[in-house]
J.: 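Attaching a single structure in structure tokens format; questions to follow.
These numbers come from a predicted model, not from an experiment.
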Amino acid sequence: MANYLILDCIKSGKRGHVSFHTPGHKGGGGLSSVLRICGEDVTELSYTDDLSSPSGPIAVAQSDIAMIAGAKRAYITTDGSTSGVMAMMYAVHGRGGKIIVPRNSHKSVWNACKLMGIEPVIVQGEERDGVMLPPAASQVATLAANDPDIIGMIAVSPDYYGNISPLEKYAEVLHGAGKVLLVDGAHGAHLAFEEGRRGYAGNYADIWVESAHKSLPALTQGAAVFLNDLCLEEGLREGLSLFRTTSPSFPIMASVEFAYKYVSERPQLIEGAKAAVAAFREKYPDYRFYPSADWTKLCLDCAPLSADSRKVGALIEKRGIYAEFADGRYLVFYLSPATRASDLKALGAALSWALKQRGVRSSYVPRKKMPNPARTYSYLYALRQPSEYVSLDASVGRMSAENVGLMPPCIPVVAAGEIIGADAVEALKSGAHTFGLTEGKIKVVVKK
């Protein structure tokens with residue numbers, strides 16, 4: 001049976017604990033009557049250890065997590081994967097001025113480039129069934145071979161729809177050229193427990209980050225950064241000291257340790273969840289799903305049903321069923337080892353009901369293919385230039401001064417430095433939710 005070291009240490013001090021330290025609820029303060037976790041919500045004390053310089057239970061817990069994940073080092077974060085992405089980008093930022101960035105990268109990657117003055121070399125994969133695929137290894141090889149200023153690549157794997165990047169091929173290309181492979185594996189913590197760790201970032205990456213809270217039984221914001229290339233250790237530690245909070249949540253830390261250890265000792269959890277998903281698919285053979293390589297991403301394709309996935313999602317919420325997101329075509333459900341057969345049974349009943357409601361089956365509007373805009377100046381150049389806001393219609397032919405895109409799944413339609421085309425404007429107008437627009441206007445570089 002696993003030793004949950006962080007949990008044990010914060011529980012050990014509860015009895016007779018009189019708080020003259022932070023947090024301000026003091027283990028009660030009225031908050032404990034509505035939030036039972038208050039008793040475990042403590043700070044750095046003589047018996048709890050210190051995440052910024054661990055030497056006790058946190059240090060041992062991180063070592064245990066590293067062993068489970070097959071890494072040389074592991075570092076817990078309580079800021080989600082965002083601080084981890086920032087830290088690993090910091091760890092490599094002095095090795096060159098550019099890094100290969102897939103277009104569907106998380107906003108933290110773009111922000112890290114902005115903060116650290118790294119030029120993102122944007123690479124865009126093909127589309128399959130309306131979903132952007134990871135870039136081909138040949139694209140990465142061409143970029144890496146032609147530009148000695150490229151540090152390496154930060155890949156996204158798995159992505160929002162369950163596509164797993166060809167990490168083995170990326171690693172072969174990049175390592176052969178003396179470059180690094182970083183992986184934003186926020187959605188892939190569970191892959192550490194697949195047979196042979198199939199598709200797992202840790203098999204190939206120099207540094208990678210995982211949001212344990214996304215696909216393991218951990219509290220929101222619970223994540224970990226993993227390291228395999230010890231030459232990057234000093235830079236990564238410094239990056240973590242810059243970007244992690246100085247007031248980490250002990251319950252979140254404890255939940256990260258718990259998640260990795262609990263699932264590693266109970267392979268039947270994943271086996272049971274997978275079996276339940278297989279049974280669900282068999283029960284509803286008329287439903288078409290996006291061919292995800294990751295079993296935890298169940299993406300119902302509503303196009304063959306002639307239904308707008310957003311309408312279907314809103315209807316099933318009336319039955320108490322909540323999806324991760326709907327993008328118009330796909331209704332995306334995120335699963336985990338904690339998913340139960342009864343949950344999927346409820347989902348099936350809710351979908352059957354929703355698809356019978358008036359008007360749903362005639363609501364689908366096909367989406368346009370994601371534009372691949374032209375670029376005349378760099379991302380960093382565009383961010384530094386004088387800018388102004390113009391209407392979307394007036395922006396055609398202008399250079400974007402920031403990233404603008406669709407939500408979900410938060411992919412830039414146009415990145416800073418790219419030229420805004422009519423197809424990009426049409427895509428932005430068609431989206432129910434966007435990011436990067438201000439009162440419907442887009443920020444562009446002022447003409448000289």
Side-chain angles (χ1 to χ4, degrees), residues 51-55 58-77 79 81-102 105 108-109 111-113 115-121 137 140-141 143-157 165-186 188-189 191-192 197 200-210 223-244 260:
L51 181 61
S52 64
S53 182
S55 58
I58 295 174
V60 179
Q62 290 186 148
S63 179
D64 290 347
I65 292 169
M67 183 175 63
I68 290 168
K72 293 179 180 176
R73 301 283 189 273
Y75 307 91
I76 295 171
T77 85
D79 320 281
S81 283
T82 294
S83 67
V85 166
M86 292 286 185
M88 66 181 182
M89 291 282 279
Y90 180 88
V92 302
H93 81 286
R95 294 185 160 220
K98 303 174 184 177
I99 193 165
I100 300 169
V101 174
S105 295
S108 59
V109 173
N111 289 342
C113 287
L115 284 172
M116 285 161 237
I118 303 174
E119 181 65 38
V121 179
V140 175
L143 292 170
N146 293 338
D147 194 338
D149 200 27
I150 287 178
I151 300 165
M153 178 183 189
I154 178 164
V156 184
S157 187
S165 296
L167 297 177
E168 183 175 9
K169 293 180 179 178
Y170 290 171
E172 182 180 348
V173 164
L174 293 166
H175 291 158
K179 302 179 188 295
V180 298
L181 174 59
L182 312 179
V183 178
D184 176 1
L191 295 176
R197 296 194 170 104
Y200 185 50
N203 291 342
Y204 312 105
D206 299 298
I207 315 177
W208 70 102
V209 63
E210 298 172 5
V225 186
F226 296 93
L227 175 70
N228 268 341
D229 184 348
L230 295 181
C231 293
L232 301 170
E233 183 173 18
E234 184 178 351
L236 181 59
R237 286 180 180 273
E238 186 174 352
L240 288 166
S241 73
L242 290 171
F243 296 108
R244 277 193 311 199
Y260 283 95

J.: Is there a side-chain contact between M88 and I154, using heavy atoms and a 4.5 Å cut-off?
T.: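 Yes, side chains in contact.
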J.: Applying side-chain hydrogen bond (donor to acceptor under 3.5 Å, both in side chains), which residue pairs with at least one partner in residues 171-182 are found, sequence neighbours left out?
T.: H175-D206
J.: Taking the side chain as everything from C-beta on, heavy atoms only, tell me whether R73 gets closer than 4.5 Å to L230.
T.: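 Sidechains of L230 and R73: in contact.
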J.: Check for a donor-acceptor pair, side chain of N203 on one end and backbone N or O of R197 on the other, with a separation under 3.5 Å.
T.: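 Indeed, once roles are kept as given, a pair shorter than 3.5 Å links the two residues.
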J.: Output yes when a side-chain donor or acceptor of E168 lies under 3.5 Å from a complementary backbone atom of Y204, and no otherwise.
T.: no
J.: Is there side-chain contact between D64 and Y260, with at least one heavy-atom pair below 4.5 Å?
T.: no
J.: Determine the minimum heavy-atom distance between C113 and P120, stating which atoms define it.
T.: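 Closest pair (atom of C113, atom of P120, distance): SG-CB, 4.0 Å.
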J.: Flag the pair I100 / I150 as yes when at least one side-chain heavy-atom distance between them is below 4.5 Å, and no otherwise.
T.: yes
J.: Does L174 reach the side chain of V180, with side-chain heavy atoms less than 4.5 Å apart?
T.: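 No, their side chains stay 4.5 Å or more apart.
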J.: For residues 83-94, which residue pairs pass the side-chain hydrogen bond (donor to acceptor under 3.5 Å, both in side chains) check, not counting sequence neighbours?
T.: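 Every side-chain hydrogen bond (donor to acceptor under 3.5 Å, both in side chains) pair that includes a residue of residues 83-94, provided the two are not neighbours, is D79-S83, Y90-E238.
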J.: With heavy-atom distances below 4.5 Å as the criterion, would you say the side chains of I65 and F226 are in contact?
T.: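 Yes, side chains in contact.
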J.: Any non-hydrogen side-chain atom of W208 less than 4.5 Å from a side-chain atom of N228?
T.: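 Yes, at least one pair of side-chain atoms sits under 4.5 Å.
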J.: Is there a donor-acceptor pair closer than 3.5 Å between any side-chain N or O of S157 and the backbone N or O of S165?
T.: yes
J.: Would you confirm whether R244, through its side chain, and I76, through its main-chain N or O, come within 3.5 Å as a donor-acceptor pair?
T.: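 Yes; at least one donor-acceptor contact below 3.5 Å.
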J.: Any salt bridge (Lys or Arg N to Asp or Glu O under 4.0 Å) involving residues 86-95? Give me the pairs, sequence neighbours left out, ordered by first then second residue.
T.: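 Passing the test, one end in residues 86-95: no pairs.
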J.: Going by heavy atoms in the side chains, are I99 and L182 under 4.5 Å from each other?
T.: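 Yes. Closest side-chain heavy atoms under 4.5 Å.
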J.: Please round to the nearest 0.5 Å and tell me the distance separating atom CE of M86 and atom CG of L242.
T.: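 These two atoms lie 11.5 Å from each other.
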